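All figures in this text were calculated on a predicted structure; none of them were measured in a lab.
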Amino acid sequence: MDGKIGVLALQGDVSEHIAAFEQVIRERQVNIPVVEVRLPGDMEGLIALAIPGGESTTFMRLIDQNGLREEIRNFSGGIFATCAGMVVTAREVKDESRFAPLGIVNTVVNRNAFGRQRESFEADIPVAGIASPFHAVFIRAPVVELAGPDVEPLAVLPQGIVGLRSGKHLILAFHPEIGGDLRLHHLFLDGILSLPRPGA
Amino acid sequence: MKLEELRYGTELIKRGFASMQKGGVIMDVVNAEQAGIAEDAGAVAVMALERVPADIRSAGGVARMSDPGMIKEIISAVSIPVMAKARIGHFVEAQILQSLGVDMIDESEVLTPADEEFHIDKKQFTVPFVCGARDLGEALRRINEGAAMIRTKGEAGTGNVVEAVRHNRTILSEIRKLKGMDETELIKRARELEAPAELVIETAKRQRLPVVNFSAGGIATPADAALMMQLGSDGVFVGSGIFKSQNPAKMAKAIVEAVNHFNEPAVLAEVSQGLGEPMRGIEIHSLPPEERLASRGW
């Protein structure tokens with residue numbers, strides 16, 4: 001066994017992330033439990049942490065209240081972050097005075113870069129490392145406007161970077177957990193797990 | 001990327017928005033200052049309205065959509081989503097709210113209904129809707145019209161959680177009863193529920209509503225919020241309960257923490273301490289039937 005995958009379960013589409021990772025694990029025929037992370041003790045034995053979609057202000061309030069800030073900052077595994085996860089893992093969030101992000105990835109993020117909910121959209125976008133366009137669901141999505149040299153952009157729209165890799169971390173502005181396309185989950189696990197996936 | 005390849009306002013986008021609100025507290029606010037307090041406390045969204053339900057109740061008369069100027073002010077004050085209420089069946093109020101950039105519209109019984117036969121055809125809109133329900137049939141009818149989120153109606157503006165509990169338990173129990181029915185039985189049940197058969201079948205299979213299910217109407221304390229979460233809600237709306245309490249900032253934070261730790265009585269005890277007076281509240285049986293907001297809509 002390779003350890004566990006944790007899903008930060010403070011708020012947001014936690015059950016969708018759990019279901020998506022469980023599906024991916026079944027497809028890879030490995031035995032890795034997917035667990036909820038609410039408190040520092042839940043981080044034990046994790047090889048990966050998913051930060052779901054939700055509201056970043058709420059996430060940061062609860063991360064601090066539950067004493068998770070340093071635990072997540074010091075986490076040595078890979079982080080799979082979607083939407084609000086892109087915001088909370090950033091080095092800096094533009095025009096945001098209510099919270100200090102975790103500063104895990106060397107990025108400057110613009111929250112709600114596409115506008116309001118009525119401007120939320122789905123589209124097939126090219127993603128580096130994925131053979132054909134990826135069906136991406138953007139919901140009040142952020143973008144990365146500035147990224148450090150250690151960041152590898154994987155998907156870029158006119159508004160900014162919407163998908164990137166930084167070390168073991170995979171950071172996305174959109175929601176692969178609800179779009180029905182799990183190739184990015186596999187790409188993420190390829191960088192984390194010692195065993196190659198069957199048939200890959 | 002060509003613009004025509006982008007698809008807006010699909011069911012996936014609408015329901016996806018609702019999913020991102022799960023585990024959260026949505027707070028009623030009447031101005032930018034309250035919206036800031038709600039955001040600071042960790043609310044996942046605010047509901048912008050001119051008067052909280054308790055004041056709508058005491059003011060009487062016709063309650064309508066709020067002043068667009070006030071909604072715009074709140075939109076520019078916070079970065080979390082902003083919701084607003086339209087009257088049941090008042091699709092023009094909904095069009096106005098959509099054009100203002102409201103992120104989700106609440107077709108709400110708290111306002112005076114504008115149509116006694118038809119709810120808004122919510123599929124015509126790009127923004128998602130939340131609708132109130134007292135039972136499974138009502139919830140599925142609203143979902144069929146395009147609602148992306150269901151909330152219990154409860155009895156808004158009373159600070160009394162009893163009706164929200166009743167509606168929540170009713171929906172859960174009706175879903176449980178679908179278990180074990182075969183397809184013909186489910187189709188028969190759909191006729192009784194006055195709901196589309198395919199939604200009844202989907203609900204039976206998943207053993208939950210096809211969309212996110214929040215609680216609303218009378219939640220006034222951290223314990224009330226945790227009660228609704230333990231009863232299986234995906235999140236809560238708190239209306240008058242926060243800004244009609246003695247210390248709104250403290251109450252707002254406490255309710256957010258209570259929803260996060262809804263299964264941990266020791267944490268609930270801690271966050272419930274020293275909050276001052278919650279809102280006064282109304283005993284439901286003292287409300288004459290014509291003053292019960294939950295009976296609006298069908």
Side-chain angles (χ1 to χ4, degrees), chain A residues 9-17 38-39 52-66 82-84 87 93-99 111-112 114-126 133 135-140 142 155-158 174-175 177-180, chain B residues 1-26 36 38-45 75 78-83 97-105 125-128 148 208 212 234-235 253 256-257 259-261 263-264 267 271:
Chain A
L10 301 175
Q11 190 268 315
D13 69 335
V14 176
S15 60
E16 288 82 351
H17 271 271
R38 293 171 179 278
L39 297 167
E55 286 307 319
S56 45
T57 322
T58 311
F59 280 16
M60 288 314 307
R61 286 283 170 274
L62 295 171
I63 282 172
D64 284 335
Q65 273 166 13
N66 292 10
T82 65
C83 198
V87 179
V93 181
K94 266 177 72 181
D95 305 319
E96 180 52 71
S97 55
R98 287 180 200 271
F99 65 82
R111 277 173 107 179
N112 305 330
F114 297 91
R116 307 197 61 81
Q117 173 58 19
R118 65 180 177 206
E119 280 90 36
S120 293
F121 62 96
E122 37 182 320
D124 295 321
I125 62 166
H135 187 68
V137 182
F138 291 83
I139 297 174
R140 285 174 51 101
V156 182
L157 294 182
F174 48 91
H175 293 280
E177 75 280 8
I178 62 169
Chain B
M1 192 164 48
K2 288 183 228 94
L3 208 61
E4 62 266 29
E5 290 167 355
L6 272 56
R7 283 179 289 136
Y8 297 93
T10 61
E11 198 160 274
L12 182 61
I13 299 278
K14 290 175 177 176
R15 290 187 181 188
F17 171 82
S19 288
M20 302 311 150
Q21 301 277 303
K22 286 194 297 183
V25 182
I26 300 165
E39 184 168 38
D40 274 340
V44 290
I75 285 177
V78 293
S79 53
I80 53 178
V82 176
M83 305 186 181
L97 294 176
Q98 175 166 281
S99 83
L100 288 172
V102 161
D103 297 294
M104 180 175 244
I105 297 171
F125 289 78
T126 308
V127 292
R208 59 155 296 143
V212 168
D234 292 316
K253 282 200 180 88
V256 169
E257 279 199 63
V259 167
N260 185 237
H261 299 278
N263 251 333
E264 298 157 65
V267 179
V271 304

Subject >> Spacing of OG1 belonging to A:T58 relative to CG belonging to A:L10, to within rounding of 0.5 Å >> reply: 10.0 Å
Original post:
Is it the side chain or the backbone of B:A18 that comes within 4.5 Å of chain A heavy atoms, both, or neither?
Top reply: neither
**OP:** For residues B:G36 and B:V78, report the shortest heavy-atom separation together with the two atoms involved.
**Re:** N-CG1, 4.1 Å
**OP:** May I ask you to decide if B:D103's main-chain N or O and B:Q98's side chain share a donor-acceptor pair within less than 3.5 Å?
**Re:** no
Subject >> Any side-chain donor near an acceptor of the partner, A:R111 and B:S79, under 3.5 Å >> reply: yes
Subject >> B:K22 and B:D234 ion-paired at < 4.0 Å >> reply: no
**OP:** Let me know if A:L62 has heavy atoms under 4.5 Å from chain B in its side chain, its backbone, both or neither.
**Re:** side chain
**OP:** Using non-hydrogen atoms and a 4.5 Å limit, figure out which bit of B:V82 sits close to chain A: side chain, backbone, both or neither.
**Re:** both
Original post:
What residue in B:A41, B:P81, B:P128 has the most heavy-atom pairs under 4.5 Å with chain A?
Top reply: B:P81
Original post:
In terms of heavy-atom proximity below 4.5 Å to chain B, should A:D95 be classed as side chain, backbone, both, or neither?
Top reply: neither
**OP:** Can you tell which part of A:I139 gets under 4.5 Å to a heavy atom of chain B, answering side chain, backbone, both or neither?
**Re:** side chain
Original post:
Among B:G24, B:S99, B:G235, who wins on heavy-atom pairs under 4.5 Å with chain A?
Top reply: B:S99
Original post:
Sub-3.5 Å donor-acceptor pair from the side chain of A:D13 to the main-chain atoms of B:S19, do we have one?
Top reply: no
**OP:** Mind ranking B:T126, B:V25, B:L12, B:V127 by heavy-atom pairs under 4.5 Å with chain A and telling me who comes out on top?
**Re:** B:L12
Subject >> Minimal non-hydrogen separation, A:E122 against B:I13, with atom names >> reply: N-CD1, 3.6 Å
**OP:** Quick one: which of A:E16, A:R140, A:R38, A:H175 has the most heavy-atom pairs under 4.5 Å with chain B, could you say?
**Re:** A:R140
Original post:
With chain A, which of B:D40, B:V256, B:V102, B:I80 has the greatest number of heavy-atom pairs at distances under 4.5 Å?
Top reply: B:D40
**OP:** Would you mind checking which part of A:R116 comes under 4.5 Å of any heavy atom in chain B, side chain (CB onward), backbone (N, CA, C, O), both or neither?
**Re:** both
**OP:** Measure up the A:F174 and A:F138 rings against each other and bin them: parallel (under 30°), tilted (30 to 60°), perpendicular (over 60°).
**Re:** tilted
